[in-house]
Amino acid sequence: SVLLLRAGLALLAWPIYLLSFLGIWEPFCRKVFFPFFLEKISVVHDKKSKKHKQELFRNLPDFRGPSGELRLLEIGTGSGSNFQFYPPGCKVTCSDINPNFQEGLSRNMKKNQHLHYERFLVAAGEDLRQVPSGSVDAVVCTLVLCSVHSVSSTLREVLRVLRPGGAFYFLEHVAAEHSSWTYFWQQVCYPTWKLVFAGCCLTRELWKNLEEAKFSELKIQHISVALPGMPIEPHIVGYGVK
């Protein structure tokens, strides 16, 4: 039944599959569709997850470095929807593999002038070579680990760039319970969803990757963030300390 429904969904989305076959969809998605979609969905997601983000980032000031400054790297910054939750004076380095979020990013920078913006890096989470080892106090990653090519490589880079005692903050959608209808629909939607939404994977059990990474302390909470008509309700939120 999963394969049959996958085929039906692919049939409905055949124009996108055709554009992908012709090599047109990916550049259009990266430059136009995904930045537009992500900015719109971020507004809805932020409303649903606001209390979780407020609680998550509440202890960010505790991870200031010896100088008293908080140097923060955000992986997959997108349009900067997390800026509002960072403490005043925080020095932020933005990074994203997709450089096409300038409009929304500039708008959120202007709204959040309590922060100091250091630089913007075009970089994948698996390759942060532009960031020196042990140079940041905190790394933030929200709704990004679902689409990186390698979760384990990304977490290794996170641990490399963090100073000892620094923290990695995350909020990600994950696979549902295998016996649930949500997981059934995640399986049905998986191939088409991944194509349409720039490599986003619906069925990653990211808590397992985090537990396997070498954090000295790890806090993970499973929560629900329901978005209308989207199979991404199960989330995890928390932080790990190097």
CZ of Phe36: more than 12 outside heavy atoms within 6.0 angstrom?
no
Could you list all the side chain to side chain donor-acceptor pair (under 3.5 Å) pairs where at least one residue sits in residues 217-229, not counting sequence neighbours?
none
Distance-only donor-acceptor check, side chains Arg160 and Ser133, under 3.5 Å:
yes
Look up atom NZ in Lys214 and atom CG in Leu159, then write down how far apart they are to the nearest 0.5 Å.
9.0 Å
Is any side-chain heavy atom of Glu26 closer than 4.5 Å to a side-chain heavy atom of Ser20?
no
Within the 4.5 Å heavy-atom criterion, are Arg64 and Cys90 side-chain neighbours or not?
no
Taking every non-hydrogen atom, the tightest pair across Met109 and Cys94:
CE-SG, 4.2 Å
Find out whether Cys189 and Leu202 are in side-chain contact, i.e. whether some heavy atom of one side chain is under 4.5 Å from a heavy atom of the other.
yes
Residues passing the side-chain contact (heavy atoms from CB on, under 4.5 Å) test with Ile41, sequence neighbours excluded, are Phe37, Leu38, Leu227, Met230
Give the cluster check for Val161 versus Phe120: same hydrophobic cluster or not, with ILVMFWY residues linked at side-chain heavy-atom distances below 4.5 Å.
no
What's the verdict on side chain to side chain contact (heavy atoms under 4.5 Å, CB included) for Ile75 and Glu157, showing C-alpha distance, side-chain angles and the deciding distance?
CA-CA 11 Å; Ile75 300 174; Glu157 278 291 82; over 6 Å; no
Would Lys208 and Glu211 pass as an ion pair if we require N to O under 4.0 Å?
no
Linked, directly or transitively: Phe63 and Leu115 (ILVMFWY side chains, under 4.5 Å)
yes
Short question: side chain of Glu126, backbone of His149 - any donor-acceptor pair under 3.5 Å?
yes
Just jot down the salt bridge (Lys or Arg N to Asp or Glu O under 4.0 Å) partners of Glu103, sequence neighbours excluded, or say none.
Arg107
Taking the side chain from Ser79 and the backbone from Phe101, do they hold a donor-acceptor pair closer than 3.5 Å?
no
Which residues pass the salt bridge (Lys or Arg N to Asp or Glu O under 4.0 Å) test with Lys242, not counting sequence neighbours?
none
With side chains defined as the heavy atoms from C-beta onward, is the minimum distance between Phe28 and Leu19 less than 4.5 Å?
no
Heavy-atom closest contact (Gly78 atom, Asp96 atom, distance)
N-OD2, 2.9 Å
Tell me, please, which residues at least two apart from His178 pass side-chain contact (heavy atoms from CB on, under 4.5 Å).
Tyr183, Glu205
For the residue pair Pro99 and Val122, what are the closest heavy atoms and their distance?
CB-CG2, 3.9 Å
So, does Arg71 use its side chain to make a donor-acceptor pair with the main chain of Gly65 at under 3.5 Å?
no
Would you compute the distance between atom CG of Asn82 and atom NZ of Lys53 and round it to the nearest 0.5 angstrom?
4.0 Å
Not counting sequence neighbours, which residues clear salt bridge (Lys or Arg N to Asp or Glu O under 4.0 Å) with Arg163? List them please.
Asp137
Would you indicate whether the side-chain heavy atoms of Phe184 and Ser1 approach each other to under 4.5 Å?
yes
After noting the C-alpha distance and the side-chain angles of Val136 and Leu162, does the key distance pass the side chain to side chain contact (heavy atoms under 4.5 Å, CB included) rule?
CA-CA 5 Å; Val136 297; Leu162 277 173; 4.2 Å; yes
Side chains of His45 and His235, donor plus acceptor under 3.5 Å:
yes
Starting at OG of Ser42, measure out to CG of Asn108 and round the result to the nearest 0.5 Å.
9.0 Å
Closest non-hydrogen atom pair between Gln84 and Ser81, with its separation:
NE2-O, 3.2 Å
First locate atom CD1 of Ile236, then atom NE2 of His173, and finally report the distance between them rounded to the nearest 0.5 Å.
10.5 Å
Identify the two heavy atoms, one from Pro35 and one from Cys29, that lie closest to each other, and give their separation to 0.1 Å.
CD-O, 3.4 Å
Side chains of Thr154 and Val144: closer than 4.5 Å at any heavy-atom pair?
no
Modelled atom types, side-chain donor and acceptor of Tyr117 and Asn112, under 3.5 Å
no
With the 4.5 Å side-chain cut-off for hydrophobic clustering, are Val139 and Tyr239 part of the same group?
no
Just how far is it from atom CZ of Phe168 to atom CG of Leu218, taken to the nearest 0.5 Å?
10.0 Å
Test ring-ring contact (aromatic ring centres under 6.0 Å, His included) on Tyr190 and Trp193 and set out the steps.
CA-CA 5 Å; Tyr190 183 93; Trp193 183 279; over 10 Å; no
Report whether Leu3 and Leu12 are members of the same hydrophobic cluster (ILVMFWY, side-chain heavy atoms less than 4.5 Å apart, transitive linking).
no
Taking the side chain as C-beta and beyond, is there a heavy-atom pair between Ile220 and Phe170 under 4.5 Å?
yes
Would you say Phe85 ends up clustered with Ile223 if hydrophobic residues are merged whenever their side chains have heavy atoms under 4.5 Å apart, either directly or through other cluster members?
yes
Glu118 side-chain N/O to Val92 backbone N/O, donor-acceptor pair under 3.5 Å:
no
Test item: Leu145 and Arg204 side chains (from C-beta on) under 4.5 Å apart, heavy atoms
no
With rounding to the nearest 0.5 Å, note down the distance linking CZ in Arg30 to CD1 in Ile97.
6.0 Å
Is the backbone N or O of Leu195 less than 3.5 Å from a side-chain atom of Trp25, with the two atoms forming a donor-acceptor pair by type?
yes
Backbone N/O of Ala176 and side chain of Gln186: donor-acceptor pair under 3.5 Å:
yes
Could you verify whether a donor N or O on one side chain and an acceptor N or O on the other, from Thr192 and Tyr17, lie under 3.5 Å apart?
yes
Main-chain N/O of Ser95 paired with Thr77 side-chain donor or acceptor, under 3.5 Å:
yes
Measure the acute angle between the ring planes of Phe57 and Tyr86, then classify it against the limits of 30° and 60° as parallel, tilted or perpendicular.
perpendicular
Taking all heavy atoms of Gly238 and all of Leu56, pick out the closest pair and write down the distance.
O-CD1, 3.2 Å
